[in-house]
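Read through the structure below, which is laid out as structure tokens, and then see the notes.
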Amino acid sequence: MEQLVGAHHHLHHHHHHSLSPRTPRTPTRAQPQPLLHHLPSNRFRDLPSQIHPTAGSRILRATPPFFLILLAAVYLLASVTIFSAPTPLLRLRGTSPRPLLLSMPARPPAPELFELHGGSLRVRLTNVGAAITSLLVPDKNGVLADVVLGFDSLDPYLNGSSPYFGCIVGRVANRIKDGKFTLNGVQHNLSINNPPNTLHGGFKGFDKTIWEVAEYNKGDNPSITFKYYSKDGEEGYPGDISVTARYSLLPSATLKLEMEAIPLNKATPINLAQHTYWNLAGHNSGNVLSHSVQIWGSQITPVDQTSIPTGEFMPVNGTPFDFLTWNRIGSRIHQVPGGYDHNYVLDSGEARLGLRHVAKVADPSSLRVLDIWADAPGVQFYTGNFLHGIVGKGGVVYGKHAGLCLETQGFPNAVNQPNFPSIVFHPGEKYRHTMLFKFSTD
């Protein structure tokens with residue numbers, strides 16, 4: 001799925017289905033907490049209010065001056081000690097989700113580019129949205145080509161003009177109906193960035209944030225780990241969560257992605273997805289309609305006019321959505337209004353390292369093949385239907401169907417659909433989502 005964001009938030013998948021735009025609701029955000037919580041009252045400061053004024057006057061008159069000076073010195077010393085102590089000493093670790101004294105925010109990390117080299121693959125990534133910006137893969141003759149859509153500059157990733165190229169989307173990927181859900185009896189109202197719904201986390205989802213680089217290995221087992229701390233109330237979602245995304249290069253031309261998230265203090269929906277646009281002939285080669293695809297999903301979750309699942313499951317047999325066997329993307333796309341942008345329910349089929357085979361993509365010109373394995377229940381198959389005139393790497397203009405996405409995920413709007421696999425996680429639980437991208441040639 002993609003969305004032309006920034007100045008055009010309303011442009012997105014399934015525009016042919018869009019209803020009349022509604023006025024975006026202001027996301028509910030947590031009220032700012034005071035810096036200090038529950039500090040014990042100073043008994044000396046409160047003493048006069050607890051004693052009759054006349055009695056207080058008598059006490060002060062009877063108190064020797066040297067004792068008052070000593071008392072003031074003790075009070076001043078205690079104050080300096082408390083407020084100059086390192087912040088971690090003032091946190092109630094393991095006892096309360098709210099610290100006594102909130103630490104000052106560290107300087108945000110700077111946007112950067114990183115490279116992983118291993119075997120025949122060369123990957124370039126950025127900590128903006130933990131995104132893949134370039135991936136060089138050999139063809140049948142060993143010639144390298146960049147097979148992902150993207151930009152030369154980091155500016156489009158930062159300013160919201162990128163249609164989710166290569167990034168990790170969250171806190172909840174895909175759409176949430178009307179931008180709201182109820183959890184434990186409390187209704188949560190989210191940012192509505194794809195009216196009338198919320199898409200990919202809101203106006204500033206995980207794709208537009210700068211992640212911390214927790215680890216970067218360039219040796220024999222190249223990998224990079226990005227980390228992001230999402231705060232309670234961010235885009236309207238409840239609770240703080242700690243998120244990591246680790247990319248690593250494995251032998252046999254395989255890129256591995258391990259995503260994890262831990263809710264720290266409240267139950268919250270979590271559904272992360274990797275949103276790379278693939279073109280196995282090369283990002284500058286035109287459209288992907290000649291690519292062949294196989295998807296190990298015998299059902300889809302049909303959607304309404306605003307691309308929200310109806311809650312039903314539809315068999316793909318005998319429909320243009322049937323990719324259970326090899327089929328060329330362009331052979332039936334004209335039978336799908338607007339193009340493919342649908343969630344497939346993955347079957348429990350062939351497994352590899354505990355992951356199920358999701359999809360296989362092949363390009364007839366270069367003979368490059370991509371196999372995707374994952375442990376998510378669904379995959380969004382999207383054919384770049386709303387790419388139009390986007391100037392990408394090397395000045396290449398990306399048009400309609402210039403790339404395809406296979407986004408493994410929890411089902412869209414699962415937080416409001418009781419018959420869908422739950423995407424709600426509680427403190428003490430861990431969200432995990434692992435993907436393998438294996439490249440080969442026919």
Lys/Arg N to Asp/Glu carboxylate O, K430 vs E260, below 4.0 Å: yes
Under a 3.5 Å threshold, yes or no: a donor from one side chain and an acceptor from the other, between Y216 and E115? no
Min side-chain heavy-atom separation L404-I329 under 4.5 Å: yes
For D240 and D232, indicate whether the former's side chain and the latter's backbone hold a donor-acceptor pair under 3.5 Å. yes
Using only atom types and a distance under 3.5 Å, with no angle test, would you say the side chain of N159 pairs donor to acceptor with the backbone of S161? yes
Between F181 and H188, ring centroids under 6.0 Å: yes
Report yes if some heavy atom in the side chain of I241 is under 4.5 Å from a heavy atom in the side chain of L264; otherwise report no. no
Which atom names give the shortest non-hydrogen contact between D347 and S298, and what distance separates them? OD1-OG, 2.9 Å
Going by heavy atoms in the side chains, are T133 and V148 under 4.5 Å from each other? no
Under 6.0 Å between ring centres, would you say that holds for Y398 and F165? yes
Apply ring-ring contact (aromatic ring centres under 6.0 Å, His included) to the pair Y157 and F151, showing each step before the final yes or no. CA-CA 8 Å; Y157 299 97; F151 301 99; 5.5 Å; yes
Under 3.5 Å, is there a donor-acceptor pair between the side chain of N271 and the main chain of G410? yes
Verify, without hydrogens or angle tests, whether R124 (side chain) and L116 (backbone) share a donor-acceptor contact under 3.5 angstrom. no
Minimal non-hydrogen separation, L280 against V361, with atom names: CD1-O, 3.5 Å
Test your reading of the model: is there a side-chain donor-acceptor pair from H200 to the backbone of A173, 3.5 Å cut-off? no
First locate atom CH2 of W211, then atom CD of E112, and finally report the distance between them rounded to the nearest 0.5 Å. 16.0 Å
Does any N or O in the side chain of K400 come within less than 3.5 Å of the main-chain N or O of G389, such that one atom is a donor and the other an acceptor? no
Whether over 12 other heavy atoms sit under 6.0 Å from K438 NZ: yes
Going by heavy atoms in the side chains, are N197 and I308 under 4.5 Å from each other? yes
Say whether D363 and S366, considering side chains only, have a donor N or O and an acceptor N or O under 3.5 Å apart. yes
Sub-3.5 Å donor-acceptor pair from the side chain of Q274 to the main-chain atoms of L257, do we have one? no
Begin from the C-alpha positions of F321 and F381 and carry the test ring-ring contact (aromatic ring centres under 6.0 Å, His included) through to its verdict. CA-CA 10 Å; F321 300 99; F381 176 43; 9.3 Å; no
What closest approach, in Å, do I176 and Y237 show between heavy atoms, and which atom pair accounts for it? CD1-OH, 3.5 Å
Nearest-0.5 Å distance that lies between atom NE2 in H426 and atom CD1 in I262: 15.5 Å
Could you walk me through whether S285 and N279 pass the side-chain hydrogen bond (donor to acceptor under 3.5 Å, both in side chains) test, one step at a time? CA-CA 8 Å; S285 65; N279 187 325; 3.1 Å; yes
Judged by modelled atom types alone, do T301 and N343 share a side-chain donor-acceptor pair under 3.5 Å? yes
To the nearest 0.5 angstrom, please state how far the CG atom of L250 sits from the CZ atom of F437. 12.0 Å
Assert yes or no for the condition that the ring centre distance of F313 to F420 is strictly below 6.0 Å. yes
Please evaluate residues H283 and V396 with respect to the criterion side-chain contact (heavy atoms from CB on, under 4.5 Å), reporting the C-alpha separation (whole Å), side-chain torsions for both, the decisive distance (0.1 Å), and the verdict. CA-CA 8 Å; H283 78 100; V396 174; 4.0 Å; yes
Please report the shortest heavy-atom distance between T198 and G179, naming the atom on each side. OG1-CA, 3.1 Å
Polar contact flag, side-chain donor to acceptor under 3.5 angstrom, S191-N193: no
Only one of N127, T126, V243, T244 clears side-chain contact (heavy atoms from CB on, under 4.5 Å) with F226; which? N127
Rounded to the nearest 0.5 angstrom, the CD-NZ distance for Q294 and K360 is 7.0 Å
Stepwise, does the side-chain contact (heavy atoms from CB on, under 4.5 Å) test hold for L387 with Y277? CA-CA 11 Å; L387 294 178; Y277 288 71; 4.0 Å; yes
Check whether any side-chain N or O of D371 sits under 3.5 Å from a backbone N or O of F439 as a donor-acceptor pair, and report yes or no. no
Closest approach of P364 and S290, non-hydrogen atoms and distance? CD-O, 3.4 Å
Within 45° of the six-membered ring axis of Y228 and under 6.0 Å from that ring's centre, is NZ or CZ of R171 located there? no
Distance-only side-chain donor-acceptor flag, N221 / S248, under 3.5 Å: no
For the residue pair Y431 / H433, report whether a side-chain donor-acceptor contact shorter than 3.5 Å exists. yes
Side chains of I224 and V213: closer than 4.5 Å at any heavy-atom pair? yes
For V424 against A267, the heavy-atom pair lying closest together: CG1-CB, 4.3 Å
Check: G219 main-chain N/O paired with N217 side-chain donor or acceptor under 3.5 Å: no
Around atom NZ of K204, are there more than 12 heavy atoms of other residues, nucleotides or ligands at under 6.0 Å? no
Can you list the steps and then say if I390 with V397 is a side-chain contact (heavy atoms from CB on, under 4.5 Å)? CA-CA 5 Å; I390 296 175; V397 178; over 6 Å; no
Answer whether the closest heavy-atom distance between the side chains of V169 and L272 falls below 4.5 Å. no
R175 side chain reached by V303 side chain, heavy atoms, under 4.5 Å: no
For the CG atom on D152, are there more than 12 heavy atoms of other groups (residues, nucleotides or ligands in this structure) within a distance under 6.0 Å? yes
Could R356 and D375 be called an ion pair, given the rule that one side-chain N must be under 4.0 Å from one carboxylate O? no
Taken to the nearest 0.5 Å, the spacing of D139 CG from D442 CG works out to 12.0 Å
Let's go through Y247 and M435 carefully: what are the C-alpha distance in whole Å and the side-chain angles of both, what is the deciding distance for side-chain contact (heavy atoms from CB on, under 4.5 Å) to 0.1 Å, and is it a yes or a no? CA-CA 10 Å; Y247 291 93; M435 304 180 73; over 6 Å; no
Taking 4.0 angstrom as the limit, do R246 and E258 come out as a salt bridge? yes
Please state whether the rings of W373 and H357 are parallel, tilted or perpendicular, taking 30° and 60° as the class boundaries. parallel
How many angstroms lie between CG in L199 and CG in N194, if you round to the nearest 0.5 Å? 5.0 Å
Quick check: do I333 and P320 have side-chain heavy atoms less than 4.5 Å from each other? no
